[in-house]
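Residue numbering restarts at 1 for every chain, and letters A, B, ... go by the order of the sequence lines.
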Amino acid sequence: MPELPEVEGVVRQIRPAALGKKIRDVYVSETIRLSKTNGKEAIIKRMEADRFIESLIGAQIVSVERRSKYIYFTLKTAGNEFLLVNHLGMSGAWFYVDQLLSIAEEKFRRHVHVVLTLSDGNLLAYSDIRRFGEMRVLKEEAEFPPLLLMAPEPFEKGALTHFLEMAESPKYKAKPIKEVIMDGQVISGCGNIYATEALFKMKIHPNRAAGRISRLRKIELFETIVAILLESIEAGGSTISDYRNVNGESGNMQNRFGMYGKKHCLTCGTATKTLKIGGRASVYCPTCQK
DNA sequence: AGCAGCGTCCGGCCGC
DNA sequence: TGCGGCCGGACGCTG
């Protein structure tokens, strides 16, 4: 499950590979075409496959940035800039390869759905086993309004203040803290894994109402989330099953988890419990987390 | 009007 | 070994 650190790792690898190059050719899989023919919105949103291909071919890749868990490719055609915005969903992965057979693992190779052939002949291949990922071609960010509602980047000045204001607002203060910190309008890029880890580290029960945590503890919680995200970026992200970086390598952060996926608490040995919070499985230690 | 709750994109994996 | 059911980021729709 790619969250902020995994997407950051991907962007840092795509950037040097893609910057300044042109998109010479674009491939969209038959699977995606068939889905779209059947009225589904598989991966390529709000655009026909051929129109998607047409709009990308010949464009120059001007920048590659991460915003929350989204990848923004700024593209330029005939002097006009536009965006290709990609979300990796559950199982999206980009591979930078000379040919598709260079994608080492078969399970990724068989689910390649979009391929960008760059002007140097190399490929940026997008694989998505579960097809929960998204690609949107946009004139500007505002063309997809949810992007404008995203919380500031967690490492930016202002992100803490934004978090505190949101967490203390009428809309959020009665909600479980885990649901609040996983909401992209409150904090950008914190998904189930890092929310679970941060709450464990802070000894906060995931179901505790946001409004029943002191201001000081909320500040510490935010700082903990930021520290864990940074630690994970350093560790190359977390690989539970389907995350791979652009070179096909797994991350190492999963080896540092204190709670996610654990049957027993690493601190006290108590059997962990799992609650459904905001529709997501939420593991915690009933002894340590209050 | 705004929000809760569910449907939607799916293959992998679990358990029977 | 076969197969039904569950899982899940985040939008979009409904009531």
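Stacking annotation: Phe132(A) is stacked on the base of dC9(B) (ring centroids less than 5.5 angstrom apart, interplanar angle below 30 degrees).
Among the nucleotides dG8(C), dG12(C), dA10(C), the one closest to any side-chain atom of Arg136(A) is dG12(C). Closest to the side chain of Phe144(A), from the set dC10(B), dA10(C), dC11(C), is dC11(C). Nearest nucleotide to the side chain of Ala42(A), out of dG11(B), dC10(B), dG12(C): dC10(B). Across dC3(B), dG12(B), dG8(C), the shortest atom-to-atom separation from the side chain of Met1(A) is found for dG8(C).
A close approach under 4.0 Å does not occur between any side-chain nitrogen or oxygen of Tyr172(A) and OP1 or OP2 of dA4(B). When the side-chain nitrogen and oxygen atoms of Lys276(A) are compared with OP1 and OP2 of dG8(C), one or more of them lie within a distance under 4.0 Å. Residue His87(A) has a polar side-chain atom (N or O) positioned under 4.0 Å from OP1 or OP2 of dA10(C). Put simply, Lys69(A) has a side-chain N or O that comes within less than 4.0 Å of OP1 or OP2 on dA10(C). In this structure, Arg131(A) does not reach the dG9(C) phosphate: none of its side-chain N or O atoms is under 4.0 Å from OP1 or OP2. Note on Ser35(A): a side-chain N or O is less than 4.0 Å away from OP1 or OP2 of dC10(B). Under 4.0 angstrom from either OP1 or OP2 of dA4(B) there lies at least one side-chain N or O belonging to Lys175(A).
Residue Leu216(A) belongs to no hydrophobic cluster, having no ILVMFWY side-chain heavy atom closer than 4.5 Å to its own. Other members of the cluster containing Leu83(A) are Tyr70(A), Tyr72(A), Val85(A), Leu138(A), Phe144(A), Leu147(A), Met150(A), with ILVMFWY side chains joined at under 4.5 Å, either directly or via other members.
As judged by a 4.0 angstrom heavy-atom cut-off over every strand, Gly279(A) is placed among residues touching the sugar-phosphate backbone only.
Between Asp25(A) and Ile57(A), some side-chain heavy-atom pair lies under the 4.5 Å cut-off.
The CG-C1' distance, from Leu147(A) to dG12(C), rounds to 14 Å in whole Å. Rounded to an integer number of Å, the gap from Met135(A) CE to dG9(C) P is 19 Å. Between the CD atom of Glu134(A) and the P atom of dT8(B) there is a distance of 16 Å, given to the nearest Å. Between the CZ atom of Arg280(A) and the P atom of dC7(C) there is a distance of 12 Å, given to the nearest Å. Atom CG in Leu88(A) sits roughly 16 Å away from atom C1' in dC10(B) (whole-Å rounding). Taking atom CD1 of Ile43(A) as the reference point, atom P of dG11(B) lies 10 Å away to the nearest angstrom. Residue Gln185(A) contributes atom CD, which lies 11 Å from atom C1' of dC11(C) at whole-angstrom precision. In this structure, Ile71(A) atom CD1 and dG9(C) atom C1' are separated by 14 Å, rounded to whole Å.
The base of dC7(C) sits within donor-acceptor range of the side chain of Arg130(A), with an N or O pair under 3.5 Å.
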**Request:** Please assess His205(A) against Tyr284(A) for the test ring-ring contact (aromatic ring centres under 6.0 Å, His included), listing each intermediate value before the final yes or no.
**Result:** CA-CA 7 Å; His205(A) 194 292; Tyr284(A) 67 101; 4.3 Å; yes
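A distance of 6.0 Å or more separates the ring centres of Trp94(A) and Tyr243(A).
Nearest-nucleotide positions on DNA chain B for Lys45(A) and Lys171(A) put Lys171(A) closer to the 5' end.
Residues Tyr172(A) and Asp183(A) have side chains that bring a donor and an acceptor to within less than 3.5 angstrom of each other.
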